[in-house]
Undergrad: 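Below is the structure I would like to discuss, written out as structure tokens.
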Amino acid sequence: MLDFLVRRGQSTIDFISSLGRAGIFFVRAVVGLSFSLKSLSSLLKQIYYVGVLSLVIIVISGLFIGMVLALQGYTILIDYGSEQAIGQMVALTLVRELGPVVAALLFAGRAGSALTAEIGLMKATEQLSSMEMMGVDPIKRVIAPRLWAGFISLPLLAAIFSAVGIFGGLLVGVDWLGVYEGSFWANMQQSVNFQEDVLNGMIKAVVFGVVCTWIAVFQGYDSVPTSEGISIATTKTVVYSSLSVLGLDFILTAVMFSSI
Amino acid sequence: MDSYITVNDLHFTRGHRSIFSGANLKIPRGKVTAIMGPSGTGKTTLLRLIGGQLKPTKGDIILDGDNVAHFNRKQLFEVRKKMGMLFQSGALFSDLSVFENVAFPLREHTKLPEDMIRDIVLMKLNAVGLRGARDLMPAELSGGMTRRVALARSIALDPDLVLYDEPFAGQDPIAMGVLVQLIRLLNDALDLTSVLVSHDIPEALSICDHAVILADGVVIGEGPPDELKQSGSPLVRQFLNGLPDGPVPFHYPANKFETDLIG
């Protein structure tokens, strides 16, 4: 019994100390990016790795999700003779919910796990230690550009996901199922409000971007520098990011849309 | 003896395990010092303590007059500009070429024009015999070449102190001979203080001016190599002669063999 209490107490202390380390790490990394040409070029390079290279998976997923939404929506809406509202349904679902959430989940799996593995491997091969020994702060040089690249990339990826999804909905709804194109766009324009829907969706994407990238870089930096340690850290990144995104999505939705 | 580093009453604990329990040693300025000892005695830990990557539980590490143990993060980054460290793995940045690896500290800490950086990098690479390999990536280098590039990088800023962590481990005799010669030559040519952690006793003793032997968390022998070879300490003798049994037992602690066999 006493052993059980000691173990629970120790794991609670470990968890709280890990939260504290993650908090200090986050602040140091966020303020660590300087406005020099060198930092800017490093940031652009990371935006390419984290954002541009995630485009393929985002575009393909967005297209298929938009197509499925239109197909499912059509089969329900046609029972009520409201199939003209399919554009509205696809756009609102994507812009408010699926765009930010699915883009964040894909981002965590594609870019987040890659960031953790890369930083973890740099730690295991003593590259971070050697940087420290050269008087260069790895948090500023390695972590900060990756963190900011994630902050910037995910909202853009979520916007692209939603846009491509709407295009997928158009392909299925209009070109395949024969919904009138004018109604598709008109209903969408009438019902999608920039501030309430698009902006709130983008705020969600920004929050998810911060959380997913923070988890990814911290797990890499805090990993045990062995192959097993990196494997555990990469798994943690995907699991923690996915759960955080889904949990935060509920909270943000409750705050943003409860009054509408 | 003019010491560049003085370690006083060093205590360091990792988890529940004590690594150092009151170690005292001096590292002379301008000399090559070899730190030796059985596995797990904290040789690499000592290098990390000197470099400020670890903080001692108790005790002082005086480096050129300043106590590293009390430095904050900013002061540590500043003092490290005067240090170079050669890691056991080389620790080259895998996404940068050989040239860019050596140029890295220069680009980070100086505002030198590009043509001067190029000249310095080529000079450093020439010193380790790898000027011709400047466009290769780290993955294309052999183990010995990796360490030579890392050595060129560690002297890029003309440091006062270079720390070598197991520079000869896993090297073939030719690569080992090259590294032995380079460490000695660079130390004398650049007027460095070199600290060398090694298991390779003949090589380390052949180039060092001063040697320190660690065991059980303290220094058990210290002095010029010739003096150490004459040491009366059984532990020093076992270590220097590579004897399988002695104060460091061959057998892991266990019950009596006969008792175990009878069950």
Side-chain angles (χ1 to χ4, degrees), chain A residues 6 10 13-14 17 21 24-25 27-29 31-34 36-46 48-50 53 114-115 117-146 149 220-221 224-227 230, chain B residues 15 44-45 47-54 68 71-96 100-111 138-139 146-147 149-151 153-157 159 161-166 195:
Chain A
V6 168
Q10 188 59 50
I13 291 169
D14 289 347
S17 103
R21 281 201 311 277
I24 294 167
F25 171 85
V27 173
R28 276 173 48 198
V31 300
L33 194 77
S34 59
S36 64
L37 194 65
K38 201 161 45 184
S39 292
L40 192 68
S41 105
S42 182
L43 177 64
L44 287 176
K45 191 175 160 191
Q46 290 309 319
Y48 175 77
Y49 285 124
V50 169
L53 294 183
L115 282 175
E118 184 193 17
I119 296 167
L121 203 61
M122 286 177 88
K123 188 177 180 184
T125 53
E126 297 181 309
Q127 293 181 45
L128 298 183
S129 290
S130 73
M131 211 174 264
E132 276 192 356
M133 284 307 293
M134 279 184 247
V136 178
D137 188 351
I139 291 191
K140 288 182 180 170
R141 188 69 173 71
V142 175
I143 306 296
R146 284 163 176 78
Y221 193 77
V224 179
T226 60
S227 46
I230 296 169
Chain B
T44 300
T45 306
L47 284 195
R48 289 182 185 270
L49 284 161
I50 292 171
Q53 286 190 303
L54 296 171
V68 180
F71 274 9
N72 61 29
R73 202 173 159 81
K74 198 176 170 191
Q75 288 171 311
L76 279 174
F77 279 127
E78 208 49 46
V79 81
R80 284 175 188 154
K81 290 177 192 168
K82 295 192 291 182
M83 287 183 201
M85 181 158 176
L86 181 71
F87 286 83
Q88 196 173 341
S89 62
L92 296 181
F93 303 127
S94 45
D95 57 335
L96 300 180
E100 286 302 324
N101 261 286
V102 181
F104 184 85
L106 296 165
R107 293 196 200 287
E108 289 293 325
H109 293 308
T110 69
K111 292 195 166 90
T146 301
R147 278 180 216 186
V149 174
L151 182 51
R153 186 178 66 178
S154 66
I155 55 166
L157 286 171
L161 170 72
V162 181
L163 307 168
Y164 299 90
D165 185 11
E166 298 281 5
V195 182

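Just the heavy atoms: all of them, side chains too, but no hydrogens, waters or symmetry mates, feed the values below. Just so it is clear: chains get the letters A, B, ... in the order the sequence lines come, proteins before strands, and each one is counted from 1.
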Undergrad: Out of Gln53(B), Arg107(B), Arg48(B), Lys82(B), which one racks up the most heavy-atom pairs below 4.5 Å with chain A?
TA: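 The option with the most such pairs is Gln53(B).
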
Undergrad: For Phe93(B), is the CZ atom crowded, meaning more than 12 foreign heavy atoms sit under 6.0 Å from it?
TA: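 Atom CZ in Phe93(B) is crowded, with more than 12 foreign heavy atoms closer than 6.0 Å.
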
Undergrad: For Lys45(A), which atoms come within 4.5 Å of any heavy atom of chain B: side chain, backbone, both, or neither?
TA: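 Side chain of Lys45(A) only, per the 4.5 Å heavy-atom cut-off to chain B.
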
Undergrad: Examine whether an atom of Ser154(B) lies under 4.5 Å from a heavy atom of chain A, and if so say whether it belongs to the side chain, the backbone or both; otherwise answer neither.
TA: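 Contact with chain A involves no heavy atom of Ser154(B) at all.
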
Undergrad: Is chain A contacted by the side chain of Leu92(B), its backbone, both, or neither, given a heavy-atom distance below 4.5 Å?
TA: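 It is the backbone, since no side chain atom gets that close.
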
Undergrad: Which bit of Met83(B) comes within less than 4.5 Å of chain A, counting heavy atoms only: side chain, backbone, both or neither?
TA: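 Both parts, backbone and side chain.
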
Undergrad: Return the OG1 to CG distance between Thr45(B) and Leu54(B), rounded to the nearest 0.5 Å.
TA: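 These two atoms lie 6.5 Å from each other.
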
Undergrad: From Leu157(B) CG over to Leu106(B) CG, what is the distance, rounded to the nearest 0.5 angstrom?
TA: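 CG of Leu106(B) is found 5.5 Å from CG of Leu157(B).
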
Undergrad: Decide whether a cation-pi geometry holds between Arg141(A) and Phe104(B); the criteria are a distance under 6.0 Å from NZ or CZ to the six-membered ring centre and an angle within 45° of the ring axis.
TA: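 The answer is no, since Arg141(A) fails at least one limit relative to Phe104(B).
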
Undergrad: Of all of Ala91(B), Ala150(B), Pro105(B), which one pairs up most often with chain A through heavy atoms under 4.5 Å apart?
TA: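 Ranked by contacts with chain A, first place is Ala91(B).
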
Undergrad: Shortest non-hydrogen contact from Ile230(A) to Ala124(A)?
TA: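 Here Ile230(A) and Ala124(A) meet closest at CD1-CB, 4.1 Å.
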
